Amino acid sequence: MYKFSAIAIIVLIAFSSCGDNRTPGRVYAPDMAYSRTYEAYDLLDSTKFTGDVLDKGGDKIYFNAQPVPGTIKRGDEFPYTLPHDSVGYKLSASVANPFVGMSSVEMMEAARLYNINCGVCHGEKGKANGPMSGKVGGIVDLTLPAYVTMADGTMFHSITYGKNNMGSYASQLTRKQRWQIIKYVRTLQGGVKPATDSTAKAAPAVDSATTTKN
Ligand code: HEC
């Protein structure tokens, strides 16, 4: 009798978590049942997740995609501290690109990131003829003199905070990636044929072209 009821209890427990396999049964540790990872294209269920640190507690899991304050991702650059206003924009011209020279491998990676994140609007060659041109207003041709003479820091400022119809890239691209993409934009402006195909061998010309101007 004792044995039988033990088996019955085990079976009962085993089946209690069955049913719809997308929802676990009884959740006694919600932060294990529901992933804390950032599900990029998922709607965050506001009954479980909150981005408001004051609202956490009970079953609610506090989550935002920001790094812990005061920390820097390994291998990333120091935080950019100029404010998102007209004064910050002006001052940004004096901020130097920390990447003076880049290897051809880094440049190929920057090209890849440019084509993914920027090419849709600015076009593969920076000529404002990406697939979104005509759908998004005011896309600029990055090979025009105004952008050739624009400081790396100013570009970084605009990419970081966004400008009018261009959104912020601060959460999609690390600071390092943003600075390196700017170096790649310089190659589009210089008329140097960049290695856009990540399977292609990088042309050494790309390296020398990017070390000339900071
Ligand atoms: C949704 C389309 C879109 C995407 C994607 C986009 N941009 Fe832009 N970008 C714009 C528009 C529109 C402007 C003009 C903003 C203005 O001055 O009104 C602009 C302006 C700029 C400028 C000039 C900024 C300034 O201060 O005047 C730079 C540099 C630039 N983009 C680089 C990039 C880079 C690098 C990326 C990829 C990380 C990117 N953009 C992605 C639409 C886009």
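Just so it is clear, the structure is predicted and the values come from calculations on it, not from any experiment. All values below come from the heavy atoms of this structure, side chains included, with hydrogens, waters and symmetry mates left out. Counting starts at 1 for both ligands and their atoms, in listed order.
- Heavy-atom separations between Tyr89 and ligand 1 include at least one value shorter than 4.0 Å.
- Distance alone, capped at 3.5 Å, is enough to place a donor-acceptor pair between the Gln189 side chain and the Leu142 backbone.
- Closest approach of Gln172 to Asn117, counting heavy atoms only: CB-OD1, 4.4 Å.
- Counting heavy atoms from C-beta outward, Asp152 and Lys183 have side chains that approach closer than 4.5 Å.
- Every atom of ligand 1 is numbered from 1 in the order shown, and the set under 4.0 Å from a heavy atom of Ile181 is 35 (C).
- Using a 4.0 Å heavy-atom cutoff, Arg178 is absent from the residues neighbouring ligand 1.
- With respect to atom 5 (C) of ligand 1, the closest heavy atom belonging to the protein is Tyr169 OH, 2.8 Å.
- The nearest heavy-atom contact from the protein to atom 23 (C) of ligand 1 is Tyr147 CE2, 3.5 Å.
- The minimum heavy-atom distance linking Ala110 with Gln180 is given by the pair CB-O, 3.5 Å.
- By the 4.0 Å heavy-atom criterion, Gly137 is counted among the residues contacting ligand 1.
- The shortest distance between side-chain heavy atoms of Arg112 and Glu109 falls below 4.5 Å.
- Closest to atom 14 (C) of ligand 1 among all protein heavy atoms lies Gly138 O, 3.4 Å.
- In terms of protein heavy atoms, atom 18 (O) of ligand 1 is closest to Asn164 ND2, 2.6 Å.
- Of all atoms in ligand 1, numbered sequentially from 1 with element shown, those under 4.0 Å from a heavy atom of Asn117 are 5 (C), 37 (C), 41 (C).
- In terms of protein heavy-atom proximity, atom 29 (C) of ligand 1 is closest to Met155 CG, 3.5 Å.
- At least one donor-acceptor pair closer than 3.5 Å links the side chain of Asn97 to the backbone N or O of Trp179.
- Judged by distance alone, with hydrogens and angles left aside, the side-chain atoms of Lys90 form no donor-acceptor pair with the main-chain N or O of Asp85 at under 3.5 Å.
- Smallest separation of non-hydrogen atoms from Gly88 and Tyr80: O-OH, 4.5 Å.
- Within the protein, the N, O or S atoms lying under 2.8 Å from atom 8 (Fe) of ligand 1 are His122 NE2, Met166 SD.
- The number of heavy-atom neighbours closer than 6.0 Å to CG of Asp76, taken from other residues, nucleotides and ligands shown, is above 12.
- Set against the non-hydrogen atoms of Val120, the atoms of ligand 1 under 4.0 Å away are 5 (C).
- Residue-level proximity to ligand 1 for Leu113 is absent, since no heavy atom of it falls below 4.0 angstrom.
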Show me the donor-acceptor pairs, under 3.5 Å and distance only, between side chains in residues 160-168 and residues at least two apart or in other chains.
from	atom 1	to	atom 2	distance (Å)
Thr160	OG1	Phe156	O	2.6
Thr160	OG1	Arg178	NH1	2.9
Tyr161	OH	Leu82	O	2.4
Asn165	ND2	Gly137	O	2.8
Ser168	OG	Thr160	O	2.6
Ser168	OG	Ala170	N	3.1

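- Residues Tyr184 and Ala111 share a closest heavy-atom pair of CE1-CB, 3.3 Å.
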Side chain to side chain contact (heavy atoms under 4.5 Å, CB included), that's the test. Do Tyr147 and Leu188 meet it? Break it down for me. CA-CA 11 Å; Tyr147 301 102; Leu188 299 178; over 6 Å; no
